[in-house]
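In what follows, chains carry the letters A, B, and so on, assigned in the order in which the sequence lines appear, proteins first and then strands, with residues in each chain numbered from 1. FYI, side chains are in, hydrogens and waters are out, and symmetry mates aren't considered; it's all heavy atoms of this structure.
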There are 2 protein chains.
Amino acid sequence: MSPDAVRLVEVGPRDGLQNEAGVVPLAAKVALIDALSAAGLPVIEAGAFVAPGRVPQMADSAAVLAAIHRRAGVRYPVLVPNLKGLKAATEAVGVDDIAVFAAASETFSKKNINCSIAESLERLAEVAARAKDRGIAVRGYVSCVLGCPYEGAVAIDRVVEVAAALAAMGCHEISLGDTIGVGTPRRAREMVQAVAGAVPVQRLAAHFHDTYGQALANILAVLEIGVTTFDCSVAGLGGCPYAPGASGNVATEDVVYMLDGMGIASGVDLEKLRLAGLALCQTLGRPPASRAARALAARKGRGG
Amino acid sequence: MSPDAVRLVEVGPRDGLQNEAGVVPLAAKVALIDALSAAGLPVIEAGAFVAPGRVPQMADSAAVLAAIHRRAGVRYPVLVPNLKGLKAATEAVGVDDIAVFAAASETFSKKNINCSIAESLERLAEVAARAKDRGIAVRGYVSCVLGCPYEGAVAIDRVVEVAAALAAMGCHEISLGDTIGVGTPRRAREMVQAVAGAVPVQRLAAHFHDTYGQALANILAVLEIGVTTFDCSVAGLGGCPYAPGASGNVATEDVVYMLDGMGIASGVDLEKLRLAGLALCQTLGRPPASRAARALAARKGRGG
């Protein structure tokens, strides 16, 4: 049932680094992004135009975008919460891809972006329309698709509604995010199948966090029902600052290791990817959260 | 495709602890095993009767078996490499389950047990026959089923041959071990399907190590083709002393979290299991390697 090829969306430089406690130097971000594109990642979420007071790690996104070496064919989307963010993004050098986000949980929406789901969708429709006018592609994120840190279970119908609303406002791709990593394979599959009834599965991406160690199993589960786009984060960076207990996104290295083993092409060179993550982790002063990265490093250490 | 219920074989007290650098006190082993049976594990590999010089951590297995509280219905197999081990095991209190092991890789067999696969199978056939005479059930392990630290790829045909030989000598169950954790879902499934052509799938168990983060995805892959017995290790303890770079078995907590989420009964209470692993990890002085255990602990820490 598995596809021959998938597309990986690297979210480490944004979803990953936004969560870091310490300041990550601009040069390290730029080096990371350039190393990721050199490793073959086709889409790299490069930053966010959000209130710097709320997410200080993303305050230098314009400078990051100006400094990276843009590789032909690689897309560098940035996260944008509202019209103000869109304005800042379009004033930055070369933004032609943005991502917007809404929650499938009412409480999460209120705590995270201080408005109801309906209000956030209205706001995003305006952002999407303006972006479209300027020829900017828009990706939509739905958060809390398999659970909410405040509400617990989230109704699949609600996920379908929000995903359909984002698709209707022109998002070319809808990324379904298990923000707090509580999902398991059967439920992940049911959720994706339900959403695929409203938005073609080719336009869906799966975005799993590895909080409970379930991310790779969830990826396998939805890979087998037609999902071919997966968000992941080099070295397992990240989490969500507003979701208590959320640990990192699934590590890109672990995903690529699985895909390589399954004979599914991603275009990513695992060794270059590992080194990209390692360099960043050396800056951060901690080992990669990726098991594959750690095992490969141990093998290298023995000259293997 | 998934079953309604599975059987978990807890191997932490043996496959896990045999790899510890420091000495684990007898009392801690006994407490761990008793906490695991109280958590609902139906099979707990409790020790090994191997040369104490080679695996010092298992030198007190007879004392462990004498001290544990045997819960009705729970089985406590011990690993036995040869007739000498069988003798020691039968002299110990109440051994009515043993496990024997062979490799699917010739080089691994030679380096690990100093004889060819064929020689090891001859030796084990004698052990199995004697055990049977005494009414002792025998489980067979095949190691290196998805790769060998020395040879790299391992032919599936060889795995089938070794599994069939163990079944033929009377092993009631064959556990297929990805000793170095290099396997990925498609290959895992192909391997299990091939073995199931020689040994009924009901008699197969899957034993995945999480070295490259693939274990849970591999479990899902073979769960969906009929495997209902899985080896796992509380807190992700373990590895293989003779397989360089091999990290722990898949963490029982991560497996139970997935099964609970999928509505597949294992009979294991996740919270009791987590506390069993936590107590042992406190003795070892390090956090559990289980992501689910860590996430649940973080949630508890917030009073959640």
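Contacts between V250(B) and chain A at a heavy-atom distance below 4.5 Å are absent for every atom of the residue. In this structure, the portions of D210(B) lying under 4.5 Å from any heavy atom of chain A include both its backbone and its side chain. When heavy atoms are compared at a cutoff of 4.5 Å, R294(B) does not approach chain A at all. Only the side chain of I264(A) comes within contact range of chain B, judged by heavy atoms closer than 4.5 Å.
At a cut-off of 3.5 Å, with distance as the only test, a side-chain donor of R14(B) or Q18(B) sits close to an acceptor on the other residue.
Between the E10(A) side chain and the T252(A) main chain, no donor and acceptor come within less than 3.5 Å of each other. No side-chain donor-acceptor contact under 3.5 Å links T228(A) to the backbone of V6(A). In this structure a side-chain-to-backbone donor-acceptor pair under 3.5 Å is present from D178(A) to V182(A).
One distance of note links CG of N112(A) with OH of Y150(A); it measures 7.5 Å at 0.5 Å rounding.
With chain A as the partner, the residue from A293(B), A292(B), G261(B) showing the most heavy-atom pairs under 4.5 Å is A292(B).
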